[in-house]
2 protein chains.
Amino acid sequence: MTRTSHQQPGKRHQQPAKRATILDVAAAAGVSRQTVTRAMNNMAGISAATRERVQGIAAELGYSPSRFAKGLVQGARVSVGLAIPDLTNPYFPAFASSVVEAATQRSWNVVVDDYGHGTATALDAVERLAPQVDALIGYLGSHAAQAQSLMGRRPLVSLDYPAGQAAGRISFDYHHAARLALDYLVHSGRTRIAFLDSDQGGPAASRGTAVAAVADQLGITLIRRAAGPSAPAARAAVLDLVTGQDAPDALLVFNDLMAAGALKALQEAGLSVPRDCAVIGMDGIPLGELTSPELTTLSLDLRSVGRAAVGLVEGLLSGGVAAGTEQSALVLRHELVHRESA
Amino acid sequence: MTRTSHQQPGKRHQQPAKRATILDVAAAAGVSRQTVTRAMNNMAGISAATRERVQGIAAELGYSPSRFAKGLVQGARVSVGLAIPDLTNPYFPAFASSVVEAATQRSWNVVVDDYGHGTATALDAVERLAPQVDALIGYLGSHAAQAQSLMGRRPLVSLDYPAGQAAGRISFDYHHAARLALDYLVHSGRTRIAFLDSDQGGPAASRGTAVAAVADQLGITLIRRAAGPSAPAARAAVLDLVTGQDAPDALLVFNDLMAAGALKALQEAGLSVPRDCAVIGMDGIPLGELTSPELTTLSLDLRSVGRAAVGLVEGLLSGGVAAGTEQSALVLRHELVHRESA
DNA sequence: TACTGCATCGTGAACGTTCACGGAGTTGTT
DNA sequence: AACAACTCCGTGAACGTTCACGATGCAGTA
């Protein structure tokens, strides 16, 4: 009358089928735990005959070892959380892809949480992720500090938000990016330059302020406009902007997705790009090569961003780089990729 | 002289900092394990004073509970693996997003593996994922059977590959899709219809054979062509196709990403879409609204695909639906979304 | 025979947490 | 004074696996 061998009768429809344990396999095979372990993990010290027999019985019982028990005794394999706002914005999968690649190389796991659905915030994602992972990478904006406290001493790499006491930080030199774009536009003879910002405040705001500051330095009176960070929202905003009086002859846009929407709007308004209005996007996602005209953009090497983030986590995890120091705060730069739209 | 309270001196640079355990916190606070548990999990039966004191000490020691020990005793929270070929193809993040959303609603975790890098195959991803998850969802193609054996009795939902003995299967009615597209093209007066296939064989081949079969039924002589499943590859192939003699006046394309490449090629060749050549894509990703002309496509409700996959996993996990039965094999249908390109 | 070596297998302990229970102290009621 | 009820806290046991070590049997060797 063993504990596992029968169900209480007449309970639910069909129980989640209490998983077979190593002891069940051992009993069924008439051997000990350790022998089952040896068989399952292809260890030495077991005859080929019993190995196959045990493996057969294990398969028959549908046994698969508990990752918890295994992790508990062996010391975990690293698993890193990835918190991103919106998988449907092509920027984030492009970034996620590079994180997954870098993580896979180290045989780490990546647990993804997308907090874009409903009214969820970055903090919700971190709360879900924190108990499950050894480290966290994410676009957390102003929640970075609270996120770090949820993670305790475990590494947290916060992107695009230079403030906050995250252990690791990766941010972007928006002054540099803005200078590249505005310099180019001015030298192309553009005089009425507009910046289409995202209306999500927080970390994003740094793009707007950087562009404004550089414009100031260059003596440009910048036309500013904001919209939701999606293509349709950008489309509507730009349509409104260019059909008004004093329409811009150049458009610098918060990100490539919105820039694609802007292209649509300009086309809809009967304007020719880049003749009537130049457009420069930001971030350099592959989408930019598929629009027409193809998108000139401030490009980021996204694969290097993912690599950097994972590398930072590795450094923090091993103690090689200390949290909150200069070593743990990376600043990456955009470069201007010339295509057709400017 | 407790075991955890000091490091062996003069070892590595700075050890991975043997994580503090609940006993360390208990000792430091002068209380028992259970009291620490009560403090950390905000349980009843503890005074506010000690709770805060213990929490403070825990934070100070950088203590965070082991997810393994917790999972072992509490019975795991479900975590499901997601194996996809390529996060940089916009189809997959769109799908992944819906899986993550459906999983989050059930407070499940999603562990993502992208096997597109290097020469990895779906099986590599499954091997990495299998020991870490309770269920698996993925585009596995012909590896579905081996994947199921790696997963043992745990639920496996295989997409877009109707054969194979995966516990759950979601496939698409490509005959229906092909009929929708070809019917429409024929009724629009198109006479030289081409199908641009992916050159990755396997499961994908079913699209090609379905289109060919329906074309046969309709008495159409189909022009067939294949290219790598990326925009640039499609672009090159289409450029070659339309500049040859007997150029098609309609193009049905394996997926939307390739269709976007096809649009580029047609534009490059000086052809007007849809006047000179109609283009119909497949899968209905958001990208289709950003090309110009906007892409007419055989659209799939991607959110419902993710929901279906997660729902299937839930059914299999609870025993509500039996593996390998009709109940566990879903077939979804595309619908034709008319935009500008056809 | 006795001992050594090897191949095969089994047994206690440990990993870090929660659960179920039990004990001590305080307050209130009769 | 006695008992109950409640608050707060601690102790064994259990979760499922691997690790370190010991036990057994058999072949070969002195």
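Since the model is a prediction, treat every value here as computed from it, not as a measurement. Proteins come first, then strands; the chains are lettered A, B, ... in the order of their sequence lines, and each starts at number 1.
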Subject >> Cationic N near anionic O, under 4.0 Å, B:R19 to B:D24 >> reply: no
Original post:
Under the ring pair (Phe, Tyr, Trp, His ring centres under 6.0 Å) rule, what pairs show up with a residue in residues 94-126 of chain B, not counting sequence neighbours?
Top reply: B:F95-B:Y139
**OP:** Could you tell me whether the phosphate oxygens of D:dT17, OP1 or OP2, come under 4.0 Å of any side-chain nitrogen or oxygen in A:T21?
**Re:** yes
Can you give me the N/O atom pairs linking the protein to nucleotides 8-12 of chain C at distances under 3.5 Å, or say none if there are none?
{"residue": "C:dC9", "atom": "OP1", "partner": "A:T50", "partner atom": "OG1", "Å": "3.4"}
{"residue": "C:dC9", "atom": "OP2", "partner": "A:S47", "partner atom": "N", "Å": "3.1"}
{"residue": "C:dC9", "atom": "OP2", "partner": "A:T50", "partner atom": "OG1", "Å": "3.1"}
{"residue": "C:dG10", "atom": "OP2", "partner": "A:S32", "partner atom": "N", "Å": "2.8"}
{"residue": "C:dG10", "atom": "OP2", "partner": "A:S32", "partner atom": "OG", "Å": "2.9"}
{"residue": "C:dG10", "atom": "OP2", "partner": "A:T35", "partner atom": "OG1", "Å": "2.6"}
{"residue": "C:dG10", "atom": "N7", "partner": "A:R38", "partner atom": "NH2", "Å": "2.8"}
{"residue": "C:dG12", "atom": "N7", "partner": "A:R33", "partner atom": "NH2", "Å": "3.2"}
{"residue": "C:dG12", "atom": "O6", "partner": "A:R33", "partner atom": "NH2", "Å": "2.3"}

Cut-off 3.5 Å, no hydrogens considered: what does the side-chain donor-acceptor table look like for residues 39-49 of chain B, sequence neighbours left out?
{"residue": "B:S47", "atom": "OG", "partner": "B:T50", "partner atom": "N", "Å": "3.3"}
{"residue": "B:S47", "atom": "OG", "partner": "B:T50", "partner atom": "OG1", "Å": "2.8"}

Subject >> Nearest-angstrom distance from the residue atom CE of B:M40 to P of C:dT18 >> reply: 9 Å
Original post:
Per the side chain to side chain contact (heavy atoms under 4.5 Å, CB included) rule, which among B:V80, B:V110, B:V310 passes with B:V100?
Top reply: B:V110
**OP:** Using heavy atoms and a sub-4.0 Å distance, could you list which residues of residues 66-74 of chain B are near DNA chain D? By number, please.
**Re:** B:L72, B:V73
**OP:** Quick one: which residue pairs count as a side chain to side chain donor-acceptor pair (under 3.5 Å) with a foot in residues 302-312 of chain B, not counting sequence neighbours?
**Re:** B:S97-B:R303, B:E101-B:R303
Subject >> Side chain B:Q165, main chain B:G324, donor-acceptor under 3.5 Å >> reply: no
Subject >> Rounded (10°) bend between the five-pair end axes of the helix from C:dT1-D:dA30 to C:dT30-D:dA1 >> reply: 60°
**OP:** Look only at the side chain of A:S149 and the backbone of A:Q146, and say whether a donor-acceptor pair between them is shorter than 3.5 Å.
**Re:** yes
